[in-house]
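These notes are about the structure you will find just below.
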Amino acid sequence: MKLRFKILGIGCCLLMLSCHSEPSLQQFYVDHQNKPNFVVVDLPMSLIFSNLDTLPDTAQKTIRSIEKANVLALPLNGDNHAQYDTALKTLKQILSKSSYKLLLRLNFSDKHLQLRYLGEGDAIDEFVMFGYDDENGFIIVRLLGDNMKPKALVHLIGLMHGSRAKIGLEGLENMF
Amino acid sequence: MKSILIIVLALGMSWTAFSQDYLAKYTALEKVDGMEVTQNMFTLLAQINTDVADEDVQHFLEVVGKLQSIKVLSTDDQSVAEALRADTQVYLKKSSLNKLMQVKEEGKRITFYAKPGATAAKVSQLMMMITPRGSDEAEFVLLVINGEIDLDDVGKLAGMLHHIPGADELKKVNSK
């Protein structure tokens, strides 16, 4: 009898929690973009796609499903560790929601990287690269698009290697 | 009704005793480095359909397409290593993994465990444990691969994981 009530009680709590509107990554960007120390960059795809004609036509079409790239970073500058800690905690909570599907997690000494995506495997709505370390700060790169296919990301990586358009990813690369 | 509920709960709990959930508390530790590649990643990789001309890449994608997850944990903290090793031994006893082979080398002992798969050359789970011998500073490494693993192909995974300490040791596994 008691067990049944306990289970019902837990079930109700879970239901209530899921009905609660949860913070999203987009909301986090909006809330923090004008705060001091935060770096927010909207990368124009035209810059990244500057040498798109090096790819075959089908690849060009696939890669165009990626529409926007934005970067949010909080570099550590010696004074803002508390700010970093709070923001990091919030970010980790947002990303650990089951809707942000984990692809890869890397932890080496104090450097951390997560790759996640939102959407379905063949129709990705959002692709997130989240890196942080306690010396440099954190950086999030979000790719937003229209039913992005995984292949689009592969092409993008190929393009970036070729064109050196590594803006925004430099911070991330410095972490490794 | 109540007895059915209890049976279901009991079954649920006994499943988790055999699962790899025991690793979660270690991956959260600062002193433990690691990598996790999830099922989501392998599903995504499988969808990058191969207009890839390169046969090696194609074969690699085939091998990788049948995997479910890869987890690597490593630490040079002796007490964490000892606890992880002990918990792993408990897990090995409870699940149906058999010791496949053991290699002793300068400074380390590498042991492979596997759970039988659909055929003699296939396993559904592969575990590799590298225990340092003699040196206090050396890394303890635990690697777990779930999925449909062809032992002859395991060496190819070593290339994919080349940043991970001990990944090279995978090349020593074969089905003979």
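No hydrogens, no waters, no symmetry mates; every other heavy atom, side chains included, goes into these values. Proteins get letters first, then strands, A, B, ... in listed order; numbering begins at 1 in each.
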Donor-acceptor contact below 3.5 Å, side chain A:Arg142 vs main chain A:Ala69: no

Sequence neighbours excluded - salt bridge (charged side-chain N to carboxylate O under 4.0 Å, His left out) pairs with any residue from residues 24-48 of chain A: none

Segment of A:Leu153 engaging chain B (4.5 angstrom heavy-atom cut-off): neither

Leading residue by heavy atom contact count with chain B [cutoff under 4.5 Å; candidates A:Asp122, A:Leu102, A:Leu103]: A:Leu103

Proximity of A:Tyr100 and A:Tyr117 rings by center, below 6.0 Å: no

Pairs of heavy atoms under 4.5 Å with chain A: top-ranked of B:Val32, B:Thr27, B:Thr38: B:Thr38

For A:Phe28, ring pair (Phe, Tyr, Trp, His ring centres under 6.0 Å) partners two or more places apart: A:His32

